There are 2 protein chains.
Amino acid sequence: MSEAPGRVDDEHARLVFDVFAQACTSRVTLEHVTGRWGILAMAALRDGTLRFNALRRRVGGVSEKMLAQTLQALERDGFVRRDAQPTIPPKVEYSLTKSGAKTAELLMGLIDFVESQMPEVMEANARYDAAKGL
Amino acid sequence: MSEAPGRVDDEHARLVFDVFAQACTSRVTLEHVTGRWGILAMAALRDGTLRFNALRRRVGGVSEKMLAQTLQALERDGFVRRDAQPTIPPKVEYSLTKSGAKTAELLMGLIDFVESQMPEVMEANARYDAAKGL
DNA sequence: CAGTATCCATTTGGATACTG
DNA sequence: CAGTATCCAAATGGATACTG
C-alpha cells in the first residue's frame, strides 16, 4: 500500500468501476420498467387486470416472445403479479403490484411531461436538422 | 372507398397501428432520456456544465461513440445545450436546458423510487428464482 | 480536445412452429 | 390460451484509428 507498480489509472479505474457498479444495481431493474415494452406493459396494466393475449393486443406490435420476456422480468422484480389458474384452457391474469403501481405512476409523470414537450421537441429537432443541413 | 377487398384484419391492423404510432411519437424521445447512457448523462449534467471528456469520465464505462450519439440525440431533442467554442484546442461544454432539467428531475424521482425498492426487488428476485428452481 | 469513421462481436428481437 | 423453442435478420455497442 506504499509502492504503486501500477499507474494512477488503477485507482481511477477503481473509482469509475465503483460509481458504475453502484449505479448499475438498479440499472437492470430500471431498464425493465423503462424498456420499450416494459413501459407499455406497465401503462396497459394501470387500468386493471389483463390476460396475456388481451395485454398483447392492448400493447400492440409486441411479439409473444418479447411480451413473455418483459412480463417475466417485471414479475421477477415484483412490479407485476401473475395469477395463473390451472384450468383448461389456461387463464393467466396480470396486474400491477403496489410498488408496480407506484412505479407506473412515476413513469406516467415522466411520459406525460415528455409528451407535453413534444411540440418543443419537434421544433428543436427541426432547428437541429436545419442547422446540420447547411 | 366503399368496397373492402381486404379482410377485417385490415381495419384491426390500422387500429393497432394508430395506437402504436400515437404512443410512438414520444417513444423515441423517451428512449433518448431513459436509455442506458441517456439517464447517466442527464444525471451527470444535473450538477452543472461539463466538457465532453469530463462528462465521459463522470459517466464511466461509455465509449466515445455512444456518448457522442447520446448527446447528439439529447441536444437534438432540446434537453441538452451544446456550447462549442471555436478555439484550438476545441472546447465544448454541455449543460441541461430548462426542459432537460425538469426531465432529469422526473427521471430522478423514478430512479430514487426504484433504488429505494431494491431490497424488495432483490427479495422478489430470490423468491422468483427459488420458485423456478424447484 | 472533441469528435468521426470503420470494423467486428454481441445482443436484441421477430416470425414461426410447437407444447401443455 | 399461454406460453416455450428455434432460427435468423437487424440493431447495438465497443475498440481502434483517424481528422479538424
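All values derive from a computational prediction rather than experimental measurement. Below, chain A is the first sequence line, B the second, and so on; all start at residue 1.
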Complementary nucleotide for D/dC1 - Watson-Crick or wobble, under 3.5 Å: C/dG20
Spacing of B/Asn53 atom CG relative to C/dG3 atom C1', expressed in whole Å: 9 Å
Residue pair B/Glu115 / A/Ser26, side-chain donor-acceptor N/O under 3.5 Å: yes
Nearest-angstrom distance from the residue atom CD of B/Glu93 to P of C/dC1: 14 Å
Nearest-Å distance for atom pair CG/P, residues B/Leu55 and C/dG3: 10 Å
Sugar-phosphate only, base, or nothing, as touched by A/Gln72 at under 4.0 Å among non-hydrogen atoms: sugar-phosphate
Nucleotide C/dC1, atom C1' - distance to CG of B/Asp83 in whole Å: 16 Å
Per-nucleotide protein contact string for nucleotides 8-20 of chain C, where B marks a base within reach and S marks sugar-phosphate only (heavy atoms under 4.0 Å, - for neither): -----BBB-B--B
Pair A/Glu64-A/Arg56, salt bridge (Lys or Arg N to Asp or Glu O under 4.0 Å): steps then yes or no: CA-CA 8 Å; A/Glu64 294 180 352; A/Arg56 183 158 174 241; 3.7 Å; yes
Whole angstrom value for the distance that separates C1' of C/dC1 from OH of B/Tyr94: 11 Å
Pairing partner of C/dT10 (Watson-Crick or G-U wobble, both distances under 3.5 Å): D/dA11
Salt bridge flag under 4.0 Å for residues B/Lys91 and B/Asp83: no
Any B/Arg57 side-chain N or O less than 4.0 Å from OP1/OP2 of C/dC1: no
Pairing of A/Arg58 and A/Asp47 as salt bridge, 4.0 angstrom limit: yes
A/Arg82 side chain vs A/Val92 backbone, donor-acceptor pair below 3.5 Å: no
Phosphate OP1/OP2 of D/dA2 contacted by A/Arg51 side-chain N/O (<4.0 Å): yes
Under 3.5 Å: donor-acceptor pair, side chain of B/Thr97, backbone of B/Gly78: yes
